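Only heavy atoms go into these numbers, but all of them, side chains included; no hydrogens, no water, no symmetry mates. In the text below, chain A, chain B and the rest are named by the order of the sequence lines, each starting its count at 1. What you see is a predicted model; the values in this text were computed from it and never measured.
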Amino acid sequence: MRLSQSFIPTLKETPAEAQIVSHRLMLRAGLVRQTSSGIYAWLPAGLRALRNIERIVREEQNRAGAQELLMPTIQPAELWRESGRYEEYGREMLRITDRHEREMLYGPTNEEMVTDLARQSLRSYRDLPQMFYHIQWKFRDEVRPRFGVMRGREFLMKDAYSIDLDHAGAVVSYRRQMLAYMRTFQRLGLKAIPMAADTGPIGGELSHEFIILAPTGESQVYFDAAFEEIDYTSDALSGQSPEELLRFFETMTSHYAATDEKHDPASWERIASARRREGRGIEVGHIFYFGTKYSAAMGFSVAGPDGRPVHPEMGSYGIGVSRLVGAVIEASHDEAGIIWPDSVAPFHAAILNLKPGDPVCDALSERIYAQAPGSMLYDDRQDRAGAKFADADLMGHPWQIVVGPRGAAADRVELKRRATGERQDVAAADALARIG
RNA sequence: CGGGGCGUGGCGCAGCCUGGUUAGCGCGCGUGUUUUGGGUACACGAGGCCGCCGGUUCGAAUCCGGCCGCCCCGACCA
């Protein structure tokens, strides 16, 4: 993408409404613009980051055996009356009436709809297990939206649903999702900690929330260093047989991890002090096992092996995809701007042409850009070098390829790694190979 | 929902208390010159129904009332 022709409106000053660092940087780097309280438009660079996160979430869901589908944003109130949540959910649910006076709602989650789809077509225990997911916009009419996309009213969420014949099967599905979550967050460059959690309005008996570490997180968290040491993407964890999943789950739940509300100093003291870790955390995912809560309430049953009807055991698994864009920035930034992990960055590298109009600089910049126009942002603006450096740091590209008159004459460019600030002078021909 | 605050060119703000001539400053934007490896300097210029509606007044950005929007703290959440 050529910056001179792109809609990436960066800001030198911070808009007054933005309080936390990710919100400020998202506005300043031209990733999003607010259209109403808690509702945002995603601009080209922001959308690219959002799509990258979405892609990783999708790959890990597929790997976990979940099938992607896409359910609507608007749902009929009737379904929610069946489960009893239409009344329960309260003002947080955005209710809509269509022209025929039918009551509808903008979905805050999809348990009812999944159960309805399942009961229409799943009739036998032979049809189970099933695991579905979709990545769809949700709406929760928060009393007080804040923190930019981290706590918006409209947000993009991955929600998955497991349907198993019995408790044993449901627990395997639950563990499978837990592993997918750890892999997903690791690939996003985040340190994630699973913590036992309350089940809230979704209900159920087994639940974990996933907290990622960020210096500006909302809550204090305490955990065992073990969580930092496991490579969740390793082959050892790729088999996913029930036995392997059990071992994994036991590892996850055997180590201490708690938010400050549930922190137990006595247990904490029992951990070797060198292994104690604490920090600030942001919740980015939540998984629930809720058994037959919806299948029973909504009359979803399948024929069991003995011919008798059985209510399947279900679970649901959410990841706040749009929230993660903010969360990644909270976890990775400095005074100058965003520091994107390679896997999330809207652009892998920016080419900074320090002297546009100079035939040598232009030719060299164009030559590099032509090699990978899809993954690079070419700063071809008629602007001062300082402005380009500042914008590139703000936008957080993992790499900057600096093309200046001095180096270009010798066919050399400077590579800057955003995360470390490290610079190296390399032959132009080697530049792309060096940055992967 | 309880408590607090704010709406003035694209962004950040001043002016409002103590109504009165062309509504101001910085940044950004445009043109020209200048500068050329970390937001250059100078000059000229464009851009505003002062959130909306109503009231008071000879006169309202300024005073009064209502409405709308946005932000912060708290309770609540992916």
Side-chain angles (χ1 to χ4, degrees), chain A residues 9-20 23-24 27-28 30 33-39 53 57 89-93 107-110 135-160 181 185 197-202 207-212 218-219 261 281-288 316-327 335-337 352-358 361 379 381-394 400-408 412-414 416 421 423 425:
Chain A
T10 58
L11 260 25
K12 208 165 170 178
E13 288 176 278
T14 303
E17 76 263 18
Q19 294 298 312
I20 62 162
H23 190 192
R24 281 205 259 261
L27 257 16
R28 287 194 53 212
R33 286 294 183 266
Q34 177 171 305
T35 63
S36 303
S37 179
I39 302 180
I53 291 173
V57 168
Y89 223 93
R91 288 94 4 225
E92 209 178 66
M93 176 184 280
T109 178
N110 289 64
I135 298 175
Q136 176 65 292
W137 293 92
K138 304 286 192 294
F139 195 92
R140 290 183 193 170
D141 200 357
E142 297 283 343
V143 199
R144 180 152 94 86
R146 64 185 119 171
F147 307 146
V149 301
M150 298 251 295
R151 177 82 183 278
R153 292 193 292 174
E154 187 182 58
F155 56 96
L156 187 62
M157 180 171 159
K158 182 286 298 181
D159 41 326
Y181 275 43
F185 297 129
D198 290 328
T199 54
I202 295 182
S207 175
H208 283 85
E209 57 186 24
F210 294 79
I211 307 278
I212 60 116
E218 314 135 278
S219 50
E261 303 98 57
I282 299 170
E283 185 185 349
V284 291
H286 206 150
I287 63 179
F288 305 85
S316 69
Y317 315 89
I319 289 182
V321 176
S322 50
R323 164 179 282 197
L324 272 167
V325 179
E335 321 72 49
L352 309 190
N353 182 347
L354 297 190
K355 194 170 184 181
D358 175 85
C361 287
D379 191 345
R381 296 174 302 176
Q382 297 292 329
D383 240 318
R384 308 254 322 155
K388 298 190 178 195
F389 287 126
D391 268 348
D393 286 347
L394 173 63
Q400 293 172 20
I401 302 172
V402 181
V403 180
R406 293 203 296 260
R412 298 186 75 79
V413 298
E414 183 181 271
K416 175 181 166 184
R423 298 149 188 271
D425 183 67

Check: Rounded to the nearest 0.5 Å, how far does OG1 of A/Thr109 lie from CE of A/Met93?
Finding: 9.5 Å
Next item on the list: Determine which nucleotide pairs with B/C1, using a 3.5 Å limit on both distances of a Watson-Crick or G-U wobble pair.
Entry: B/G74
Notebook entry, point to check: What interatomic distance, in whole Å, is found between P of B/C58 and the corresponding atom of B/G15?
Noted result: 29 Å
Note to self: A/Lys158: which residues meet the side-chain hydrogen bond (donor to acceptor under 3.5 Å, both in side chains) condition with it, sequence neighbours left out?
What the structure shows: A/Tyr181
Margin query: Say we look at B/G45 and B/C50: how far apart would their C1' atoms be, to the nearest angstrom?
Written below: 23 Å
Checklist line | Residues which pass side-chain hydrogen bond (donor to acceptor under 3.5 Å, both in side chains) with A/Gln34, listed by chain and number, not counting sequence neighbours | finding: A/Tyr40
Next item on the list: Under the side-chain hydrogen bond (donor to acceptor under 3.5 Å, both in side chains) rule, collect the residues that match up with A/Gln136, sequence neighbours excluded.
Entry: none
Margin query: Could you tell me how far B/U57 sits from B/C70 if I compare only their C1' atoms? Round to whole Å.
Written below: 32 Å
Margin query: Would you measure the distance from the P atom in B/G24 across to the matching atom in B/A46 and give it in whole Å?
Written below: 13 Å
Margin query: Using the C1' atom as the point on both nucleotides, what is the distance between B/G19 and B/G4, in whole Å?
Written below: 28 Å
Margin query: Just the rounded figure in Å: distance from P of B/C77 to CZ of A/Phe210.
Written below: 18 Å
Item checked: Interatomic distance at P, B/C71 relative to B/U8, whole Å -> 14 Å
Would you give me the side-chain donor-acceptor pairs under 3.5 Å for residues 143-153 of chain A, sequence neighbours excluded?
unit_1	atom_1	unit_2	atom_2	d
A/Arg151	NE	A/Glu142	OE1	3.2
A/Arg151	NH2	A/Glu142	OE1	2.7
A/Arg153	NE	A/Ser37	O	2.9
A/Arg153	NH1	A/Asp141	OD1	2.9
A/Arg153	NH2	A/Ser37	O	3.1

Note to self: I'd like to compare against my own output: the B/S/- annotation of nucleotides 67-76 of chain B with a strict under-4.0 Å heavy-atom distance to protein.
What the structure shows: ---SSBBBBB
For residues 9-16 of chain A, run the donor-acceptor check on the side chains, cut-off 3.5 Å, and write out each pair with its distance to 0.1 Å, sequence neighbours left out.
unit_1	atom_1	unit_2	atom_2	d
A/Thr10	OG1	A/Asp391	OD1	3.3
A/Thr10	OG1	A/Asp391	OD2	3.4

Notebook entry, point to check: Is there a side-chain contact between A/Ile319 and A/Phe210 (heavy atoms, below 4.5 Å)?
Noted result: no
Check: Whole-Å distance between B/C77 P and A/Phe155 CZ?
Finding: 13 Å
Note to self: For the NZ atom of A/Lys388 and the CG atom of A/Leu352, what is their distance to the nearest 0.5 Å?
What the structure shows: 7.5 Å
Margin query: Strictly under 4.0 angstrom, non-hydrogen atoms only: write out the protein contact profile of nucleotides 30-47 of chain B, one letter per nucleotide from the 5' end, B, S or -.
Written below: -----B-BBBB-------
Next item on the list: Both distances under 3.5 Å, Watson-Crick or G-U wobble: report the partner of B/G26, or none.
Entry: B/C11
Check: Contact class for A/Gly357 vs. all strands (heavy atom < 4.0 Å): base, sugar-phosphate, or nothing?
Finding: nothing
Notebook entry, point to check: Once you round it to whole Å, what is the distance between P of B/A78 and CH2 of A/Trp137?
Noted result: 17 Å
Checklist line | Gap in Å between the two P atoms, one belonging to B/U56 and one to B/C11, rounded | finding: 34 Å
Next item on the list: Go ahead and name the base partner of B/G69; Watson-Crick or wobble counts if both distances stay under 3.5 Å, otherwise write none.
Entry: B/C6
Check: salt bridge (charged side-chain N to carboxylate O under 4.0 Å, His left out) with A/Asp159: which residues, sequence neighbours excluded?
Finding: A/Lys138
Item checked: For A/Asp393, side-chain hydrogen bond (donor to acceptor under 3.5 Å, both in side chains) partners two or more places apart -> A/Gln400, A/Lys416
Next item on the list: Describe the nucleic acid contact of A/Glu13 in one word from base, sugar-phosphate, nothing, applying a heavy-atom distance below 4.0 Å.
Entry: base
Margin query: Please give the distance between the P atoms of B/G55 and B/U62 as a whole number of Å.
Written below: 14 Å
Item checked: d(CD, A/Glu209; C1', B/A78) in whole Å -> 10 Å
Check: Taking CG from A/Asp159 and C1' from B/C77, how many angstroms apart are they, rounded to a whole number?
Finding: 15 Å
